[in-house]
**Q** 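Below are the structure tokens for one structure; questions will follow.
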Amino acid sequence: VYPIITIALFCLRNKPNVLKTILFIWIITACLSISKPLFFYLANTKLSLYQYGSGQSLPVFMDNDHIRFSIFLSFAALFAWYIRKQHKYITLLLFFLITSILFLSVRTGWASLLLMSFALFLHYLLTQAKQKIRALILYSIATILILITAWFIFPSIQQKIAYSFYDWGQISSHTFNANLSDATRYSLNKTGWNLIQTGNTNIGWSDIAPSMQKRFKVLYPGYATSFGWPFNQWLYWWIGSGSFGMLLFTLWLFFPVLIGFQQKNIGLIIGAVAVAISCLVEVNLAYQYGVWLHVWGIGLLWLYNFTKPDIDDKLIRKNALFE
């Protein structure tokens, strides 16, 4: 996947209008995709709130993979921030995406949104002129008002937070409940770390699942799990490829951050760090949707800096959709 997308992005390198059109399509697709969970919620409000109270989420696209879907929306929000001046209604779509991420109540999306907002605010505060800082403060105030309003309007947020506290309270070193979320992650990550401590590293990807399940029965007698991997990308690589493989993975994952600092491309830094943070609680880059989001999200942010965003905005607005 990565070599293929590298070639595709190289072909787009000198086509800023096409690139902005791709970003525009990503944003529109993300906004339209909210219709599925929104209509389900409106038609099944009681069921939806019950699901949130028991650690579940609303049905979404991407095979109901709400974590990867929230990352998809977060990238869309970041893209919308960058091209908000190209069309007047992009700013409205930006706030709609922010509201949607809050409404869906997926904590990975919340974390990504918080990281992106804080990083952009800090960047503009340190580098931009006073008039742009004033505009950013207005955006920040609007975002804070959305957060406060969302807490009172969306019961899904209240249910998710209440469930999270309940879930954390169920974490135990000796018992296991597959119906929980974070407590399950804790148990599987503990099992993965125990494998590493006992020398079960560099065992190859195909041996991770049987090794995890065998060790799990030792740590949690009387319990069994169908999961065959830890909920942490670094543990996953450490077990499968050893400490050297895990180190190479880390260098590869954060390489775009280095490029971002060299190019002064804050969007690339934010996107790469957001994906890395998500890998702390999920094996995001071992599934097709996670890899697709990583390669295209990071690639487009990387390429956006190559295309000189200070190009004449009027020309871009005129030709963005019809080059």
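When a residue number appears, it is its place in the shown sequence, counting from 1.
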**Q** Evaluate the side-chain proximity of F61 to Y289: yes if any heavy-atom separation is below 4.5 Å, no if none is.
**A** no
**Q** Does K214 come within less than 4.0 Å of D207, counting only side-chain N to carboxylate O?
**A** no
**Q** Under 6.0 Å from the six-membered ring centre of W110 and within 45° of its axis: does the NZ or CZ of R107 meet both?
**A** no
**Q** Establish, yes or no, whether the cationic atom of K36 lies under 6.0 Å from the six-membered ring centre of F69 and within 45° of the ring axis.
**A** no
**Q** Nearest 0.5 angstrom please: L114 CG to I101 CD1, how far?
**A** 11.5 Å
**Q** Kindly list each side-chain donor-acceptor pair under 3.5 angstrom involving residues 249-258, sequence neighbours excluded, with atom names and distances?
**A**
unit_1: T250; atom_1: OG1; unit_2: W234; atom_2: NE1; d: 2.8
unit_1: T250; atom_1: OG1; unit_2: M246; atom_2: O; d: 2.9

**Q** Any side-chain heavy atom of Q159 within less than 4.5 Å of one from Y50?
**A** no
**Q** For the pair S211 (side chain) and I208 (backbone), establish whether a donor and an acceptor sit closer than 3.5 Å, ignoring hydrogens and angles.
**A** no
**Q** Would K217 and Y223 count as a cation-pi pair here, with the cationic atom under 6.0 angstrom from the ring centre and within 45° of the axis?
**A** no
**Q** Tell me, do Y2 and V291 make a side-chain contact under 4.5 Å, heavy atoms counted?
**A** yes
**Q** Quick one: does L73's side chain get under 4.5 Å of L104's, heavy atoms only?
**A** yes
**Q** Tell me, please, which residues at least two apart from W292 pass side-chain contact (heavy atoms from CB on, under 4.5 Å).
**A** W26, F72, W296
**Q** Among residues two or more places apart or on two chains, list those pairs meeting salt bridge (charged side-chain N to carboxylate O under 4.0 Å, His left out) that have a residue in residues 42-68.
**A** D65-R68, R68-E282
**Q** Do the ring planes of W229 and F231 sit parallel (below 30°), tilted (30 to 60°) or perpendicular (above 60°)?
**A** tilted
**Q** Is the shortest side-chain heavy-atom distance between L58 and Y52 below 4.5 Å?
**A** yes
